[in-house]
Amino acid sequence: MKKILLLVTAGLLILGFFALDLNHYLTLEGMKASLGHFEAQRAASPVGVGLAFFVVYVVATALSFPGATLLTLAAGALFGLSMGTIIVSFASSIGATLAFLASRYVLRDAIQRRFGDRLKAVNEGMAKDGAMYLFTLRLVPVFPFFLVNLLMGLTPIRTLSYYWVSQVGMLAATLVYVNAGTQLAQITSLSGIVSPGLLLSFALLGVFPMLAKKFMQFLQSRRVYAKWQRPQNFDRNLVVIGGGAAGLVTSYIAAAVKAKVTLVEAHKMGGDCLNYGCVPSKALIKSARIAHQMRHAESYGLTAADPQFSFSKVMARVHAVIAAVAPHDSVARYTGLGVEVLEGYAHIVDPWTVEIKLNSGTTQRLTTRSIVIAAGARPFVPPLPGLDDVGYVTSDTLWDEFAKLDAPPARLVVLGGGPIGCELAQSFARLGSQVTQIEMAPRIMIREDVEVSDLARDALTRDGIDVLTGHKALRCEREGARKFIVVAHQGQERRIEFDALLCAVGRVARLQGYGLEKLGIPTQRTVAVNDYLETLYPNIFAAGDVAGPYQFTHTASHMAWYAAVNALFGDFKKFKVDYSVVPWATFIEPEVARVGLNEQDAKEKNIPYEVTRYGVDDLDRAIADGTAHGFVKVLTVPGKDRILGVTIVGEHAGDLLAEFVLAMKHGLGLNKILGTIHTYPTLSEANKYVAGEWKRAHAPQKVLAWLGRYHAWRRG
Ligand SMILES: Cc1cc2nc3c(=O)[nH]c(=O)nc-3n(C[C@H](O)[C@H](O)[C@H](O)COP(=O)(O)OP(=O)(O)OC[C@H]3O[C@@H](n4cnc5c(N)ncnc54)[C@H](O)[C@@H]3O)c2cc1C
């Protein structure tokens, strides 16, 4: 009730303000026109007018009226630099604190109740560094004054801190604006307009936010770097830790712009993608797919055959594919590009020094202006009792361990229902393993919509996989040579015997052992970075899996561009990493590919959307290929053709998605896709047909009815 009363009072005051046409004083023309009148009054009663101005300023800021800047200029014009600054400094701080309290009283409880979980990090940050954040916002007046008051009211910052930090933080800007106001008052003639004083004041107004920002950056970096001794000069412009996708692209860019860059790789150039991830998994998927097609050749009019093969040859091919791709990521190639590559383990000693234990046995220290951490991630191994005893493989060890086998494991347990678990489970099932896939969540590929998970599950089941969702792995047991995993489902325990167990329950960033702890670089499952990919130390960056939030090769390379450019040129211009259009694919059959929102994301984020879908079973090329299953599902802004997200399930979904990725990135809608010629007969026509479905659903019915009448009339 009290809150409603407060809102009504504020509403009435605002209404009254506009009803009495007081807002015309808060325009430059209105202010200038009435300046003479107020000047005369101030001369007659300086204290009275000063007090009245003070009260007006407090009320205007407390009610978040627009025009605080003009009032500040007016203070300079009316009261001069010293008195004007004193009046504005106190009035603006009191007004801001009143607006802050009102927002806190009316909105904070409701907002914290509704978004408490998501605001947890903000609340913790504010409790720790709230005064500093506020000081920055006050000193660098790029955010609207009233917005800072309203938003800060929602955070746990203390009122007294709010008041004094605001007053101190705003002082410099107040001085600059009041000073500009004093100059305004001096304009009596045309020549006054270009007086040096006025020009200087307005130049100050323009550059002040930039100077203030630089000052804040200087203060913050002094705080962070205080306990370290900065070298006089540097051996390198950039040292990059890790030679996976993120590290390779970072050092490539650095070398291309002629920076002196050293890339340190502890293990294998190319990182996880080349050696344990994308490349071997896709090579295995291909062999498994051919085996599958042989078994189902009758659907193409051929005689089906049980594929006869040597598993060790399949694994040898996997290694041959790695070897064929390896030159792209090799020491020789990068050396040729101008990167110094050191094979060894890097350790960050201080913000500008990296120590490298070279594989040759010696140690080298390099000083560097900037560092990019691209140390990647490793498979997470759950702490299951008995797991070590029964033995297991991960994506790191599988390729070498299984290469020793003559046949795929007869009974394989795959722990994990994410993309990696699904891809490998399907491949081994198709190569002849009896696969049991265990997932704790109620469905596999949980990030995708339910219908996608269901389709994926059906496909895996058709390949003979026993997909156990909602099953929690409890422990592993060994009886002589026999190995078991015990799982719980709806209160019942079940023992599953296996020959090999593959752990694919997720990947965790590499955070230990190379200096993050000593430097106090914060981590929260990944290295904490800001929008520029800077860690706590603005000259140390992180990119790729080690920084998240995505774990893909293409996002690692994408981040690498920002890390390299910000590390080398950040003193001039920094770029915020852009995650607005991130695609990905899971290479099971049928392939699943997505960019942007799916339905579950849109619902969770309360984003209104429309769905348009096209079934691939209708597509000529898919019918001819015998791959007529799956769909293209597009989410658009209601009533508009702007694409919010796309999910494609079907043959070559990952490739088909590219057209939508381009469209989203460059703001092209479904009408543009519909107006583009797609080659017949290709799978890509599905993209055009889904756009056609959208168009049909949005056809202007009234216009069409009139057109019908027009044609009838023409027929006579
Ligand atoms: C089975 C599997 C399949 C995958 N399939 C796909 C896919 O189809 N598409 C896709 O986009 N992504 C896929 N991924 C994910 C992809 O592999 C990763 O996202 C990508 O490799 C991340 O690159 P990165 O540079 O961040 O890290 P990494 O490739 O892990 O490279 C990090 C490197 O840093 C080195 N390093 C770490 N610490 C140090 C140190 N202190 N000193 C020196 N060197 C150090 C490591 O040795 C490593 O080589 C897959 C992953 C797996 C496991």
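Positions are given from 1, in the same order as the sequence printed here. Counting starts at 1 for both ligands and their atoms, in listed order.
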Worksheet, complete the sentence: With heavy atoms and a 4.0 Å threshold, my read on which part of Y514 contacts ligand 1 is side chain
Practice prompt. Using a 4.0 Å heavy-atom cut-off, say whether E423 meets ligand 1 through its side chain, its backbone, both or neither.
Written response: neither
Worksheet item: Nearest to atom 34 (O) of ligand 1, what protein heavy atom do you find, and at what distance?
Response: G242 CA, 3.2 Å
Worksheet entry | Element-labelled atoms of ligand 1 that are located less than 4.0 Å from some non-hydrogen atom of G376 | 26 (O), 27 (O), 28 (P), 30 (O), 32 (C)
Fill in: Flag if over 12 foreign heavy atoms under 6.0 Å of NZ, K282
yes
Fill in: Residue A374 vicinity, atoms of ligand 1 by number, heavy atom under 4.0 Å
32 (C), 33 (C), 34 (O)
Worksheet item: Is the H554 ring parallel, tilted or perpendicular to the F552 ring (thresholds 30°, 60°)?
Response: parallel
Item to complete: Among R430, R295, R457, find the one that has a salt bridge (charged side-chain N to carboxylate O under 4.0 Å, His left out) with D463.
Response: R430
Item to complete: Quick one: sort the Y537 and Y225 rings into parallel, tilted or perpendicular, breaks at 30° and 60°.
Response: tilted
Practice prompt. Could you tell me whether K268 and E265 have a side-chain N and a carboxylate O separated by less than 4.0 Å?
Written response: no
Discussion item. Test of understanding: given a 4.0 Å heavy-atom threshold, classify the contact between S281 and ligand 1 as side chain, backbone, both, or neither.
Written reply: side chain
Fill in: Identity and distance of the protein heavy atom lying nearest atom 44 (N) of ligand 1
A266 N, 3.1 Å
Worksheet item: Is it the side chain (CB and beyond), the backbone, both or neither of I420 that lies under 4.0 Å from ligand 1, heavy atoms counted?
Response: side chain
Practice prompt. Please work out which of S557, G271, A560, C273 has its closest non-hydrogen atom nearest to atom 21 (O) of ligand 1.
Written response: C273
Worksheet item: Which protein heavy atom lies closest to atom 11 (O) of ligand 1, and at what distance to 0.1 Å?
Response: T553 N, 2.8 Å
Worksheet item: If you measure from each non-hydrogen atom of R510 to ligand 1, which part falls under 4.0 Å: side chain, backbone, both or neither?
Response: side chain
Practice prompt. Give the numbers and elements of all ligand 1 atoms closer than 4.0 Å to a heavy atom of G544.
Written response: 26 (O)
Discussion item. Quick test: of every protein heavy atom, which one is nearest to atom 2 (C) of ligand 1, and how far off is it to 0.1 Å?
Written reply: G277 CA, 3.3 Å
Item to complete: Please could you name the atoms of ligand 1 that K268 approaches to less than 4.0 Å, counting only its heavy atoms?
Response: 49 (O)
Worksheet entry | Atom indices of ligand 1, in the order listed, that fall short of 4.0 Å to a heavy atom of S395 | 1 (C), 53 (C)
Fill in: Atom OH of Y276 with >12 non-hydrogen neighbours under 6.0 angstrom
yes
Discussion item. Can you name the atoms of ligand 1, numbered from 1 with element, that are less than 4.0 Å from a heavy atom of A375?
Written reply: 32 (C), 34 (O), 37 (C), 38 (N)
Practice prompt. Compute the ring centroids of F631 and Y614, then answer whether they are less than 6.0 Å apart.
Written response: no
Response to the item:
In Q551, R507, R378, the residue satisfying side-chain hydrogen bond (donor to acceptor under 3.5 Å, both in side chains) with D272 is R507
Worksheet item: G344 near ligand 1, heavy-atom distance under 4.0 Å?
Response: yes
Worksheet item: Quick one: does G247 get an N or O within less than 3.5 Å of an N or O on ligand 1?
Response: no
Fill in: Residue portion contacting ligand 1 (non-hydrogen atoms closer than 4.0 Å) for I241
side chain
Discussion item. Among all the protein's non-hydrogen atoms, which is closest to atom 31 (O) of ligand 1, and how far away is it?
Written reply: G244 CA, 3.4 Å
Discussion item. Give me the residue, atom name and distance of the protein heavy atom closest to atom 5 (N) of ligand 1.
Written reply: K282 NZ, 3.3 Å
Discussion item. Heavy-atom distances under 4.0 Å decide this one: backbone, side chain, both or neither, for F587 against ligand 1?
Written reply: side chain
Fill in: Heteroatom distance test (A346, ligand 1): nitrogen or oxygen, under 3.5 angstrom
yes
Worksheet item: Of the protein's non-hydrogen atoms, which lies at the shortest distance from atom 33 (C) of ligand 1, and what is that distance?
Response: E265 OE1, 3.5 Å
Worksheet item: Hey, is K260 close enough to E340 for a salt bridge, meaning N to O under 4.0 Å?
Response: no
Worksheet item: Applying a strict 4.0 Å limit to heavy atoms, is R507 in contact with ligand 1?
Response: yes
Worksheet entry | Under 3.5 Å: donor-acceptor pair, side chain of R333, backbone of H328 | yes
Worksheet entry | atom 14 (N) of ligand 1 - nearest protein heavy atom and its distance | C278 SG, 3.8 Å
Worksheet item: Between D578 and K665, does at least one N-O distance fall below 4.0 Å, as a salt bridge requires?
Response: yes
Worksheet item: Between E448 and R443, is the closest basic N to carboxylate O distance under 4.0 Å?
Response: no
Worksheet item: Do you know which of W561, Y532, F569 makes ring-ring contact (aromatic ring centres under 6.0 Å, His included) with F575?
Response: W561
Fill in: Any donor-acceptor pair under 3.5 Å from T368 side chain to S370 backbone
yes
Worksheet item: Any cation-pi pair here, R447 with W584, using under 6.0 Å and within 45°?
Response: yes
Fill in: Proximity flag R378 to ligand 1, non-hydrogen atoms under 4.0 Å
no
